Amino acid sequence: MHTDHDLLAAWAAGDRRAGSQLVERYYDSIVRFFANKASNDTDDLVQRTFLACAEGAAGFRGEGSVRAWLFGIARNLLYAHIRGRVRAGLADPDFRESALVDLAPGASTVAAQRAEQRILYAALQRIPLELQTLLELYYWEDLPIEELAQILDIPAGTVKSRLHRARRLLREACEKLPTAPEERAGLSQLLERWAPPEA
């Protein structure tokens, strides 16, 4: 099996099949990245991410992982997309402090199969976008601290402290959302993984 670096280098040299393999490898992950943050525009943002990857492949210096580089592209496109949706005349949004529900009130959520998942998605959209992104990449994509540091362009120690803050804010956001008694047990189990009390 070819490594991500091999596929990206071959794509940069004009091998479309290598590009297709790389896209296939990360397509679902990139869709998942955008789905809870820009669901109405997910398809467009996914296409733009892989287009930017193809256009920038030759410039990839091999520092860090291709996966982290790809998510860095996706993150930058998401932020640009949201900036474009914020009404003219407003200050540039601070993604470290502003939640998605404040930045893009019309953003729809992913259709979750279980009620507790919907509550989790809603709570994620109520914490600062950068922290939402951090939690989703950490838990859904199993990205290690080093790759998260590469994506966010911050030291690993800062990633750890932001994860701690993100977990606390997520738990608080979940507690503020209305839940039926039968949903609380499932939500508690989800939070044990995403935001354990001691985190």
Side-chain angles (χ1 to χ4, degrees), residues 26 28-46 49 67-68 70-86 93-145 147-149 151-152 154 158-180 182-199:
Y26 291 109
D28 290 344
S29 294
I30 296 299
V31 168
R32 195 166 33 247
F33 175 81
F34 288 117
N36 195 36
K37 295 181 272 307
S39 60
N40 294 335
D41 300 301
T42 295
D43 291 343
D44 178 56
L45 288 165
V46 168
T49 298
R67 176 173 68 163
L70 185 60
F71 276 113
I73 292 170
R75 174 182 173 258
N76 291 340
L77 285 170
L78 174 68
Y79 286 7
H81 173 73
I82 290 173
R83 282 187 186 102
R85 292 186 62 187
V86 173
D94 182 352
F95 296 111
R96 291 172 298 162
E97 297 300 326
S98 300
L100 186 62
V101 293
D102 300 322
L103 295 169
S108 59
T109 58
V110 174
Q113 291 181 343
R114 298 190 339 240
E116 59 269 18
Q117 290 176 321
R118 286 193 299 276
I119 295 165
L120 178 67
Y121 292 146
L124 281 165
Q125 292 186 342
R126 284 163 173 75
I127 68 173
L129 183 59
E130 185 171 281
L131 299 180
Q132 174 187 351
T133 299
L134 184 63
L135 283 175
E136 290 177 1
L137 291 175
Y138 185 73
Y139 287 108
W140 284 338
E141 305 306 330
D142 294 319
L143 288 171
I145 299 295
E147 289 189 33
L148 292 168
I151 293 165
L152 300 176
I154 56 176
T158 305
V159 170
K160 291 177 184 175
S161 65
R162 288 189 187 170
L163 272 172
H164 179 80
R165 179 174 178 238
R167 290 175 181 131
R168 179 178 51 80
L169 292 176
L170 178 64
R171 182 168 281 281
E172 291 171 4
C174 281
E175 289 168 357
K176 290 178 184 174
L177 290 169
T179 56
E182 64 273 10
E183 297 167 348
R184 288 192 192 119
L187 183 59
S188 291
Q189 289 177 348
L190 274 177
L191 285 176
E192 283 303 317
R193 179 166 182 257
W194 281 71
E198 67 276 9

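Here the structure is a predicted model, which is why all the values come from computation and not from measurement.
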Item to check | Stepwise salt bridge (charged side-chain N to carboxylate O under 4.0 Å, His left out) test for E175 and R126 | outcome: CA-CA 12 Å; E175 289 168 357; R126 284 163 173 75; over 6 Å; no
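- The aromatic ring centres of W140 and F71 sit 6.0 Å or more apart.
- Counting heavy atoms from C-beta on, the side chains of E141 and E147 never come closer than 4.5 Å.
- Residues T49 and A74 approach most closely at OG1-CA, 3.8 Å, considering heavy atoms.
- Within the model, atoms CG of D44 and CZ of F34 stand 9.0 Å from one another, a figure rounded to the nearest 0.5 Å.
- The closest side-chain heavy-atom distance from R167 to Y138 is below 4.5 Å.
- Nearest heavy atoms, R96 versus P128: O-CB, 3.2 Å.
- To the nearest 0.5 Å, the span separating CD on Q132 from CG on L169 amounts to 12.0 Å.
- In this structure, E136 CD and Y121 OH are separated by 8.5 Å, a value rounded to the nearest 0.5 Å.
- Taken from CZ in R162 to CG in L135, the straight-line distance is 12.5 Å, to the nearest 0.5 Å.
- Taken from CG in N36 to CD in Q125, the straight-line distance is 4.5 Å, to the nearest 0.5 Å.
- Proximity of I145 to L163: side-chain heavy atoms (C-beta onward) are separated by under 4.5 Å at one or more points.
- Shortest non-hydrogen contact noted between I30 and L70 is CD1-CG, 3.9 Å.
- Here N40 contributes atom CG and L45 contributes atom CG; the two are 10.5 Å apart, rounded to the nearest 0.5 Å.
- The two atoms that bring R67 and D142 nearest to each other are NH2-O, 4.1 Å, heavy atoms only.
- In terms of heavy-atom proximity, C174 sits nearest to A123 at SG-CB, 3.4 Å.
- If you run side chain to side chain contact (heavy atoms under 4.5 Å, CB included) between L134 and each of I151, L148, I154, only L148 comes through.
- Put simply, the side chain of L129 reaches to within 4.5 Å of the side chain of Y79, judged on heavy atoms.
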Item to check | T133/F95 under side-chain contact (heavy atoms from CB on, under 4.5 Å): CA gap, chis, key distance, verdict | outcome: CA-CA 10 Å; T133 299; F95 296 111; over 6 Å; no
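- Using a 4.0 Å cut-off between charged nitrogen and carboxylate oxygen, E172 and R165 do not count as a salt-bridge pair.
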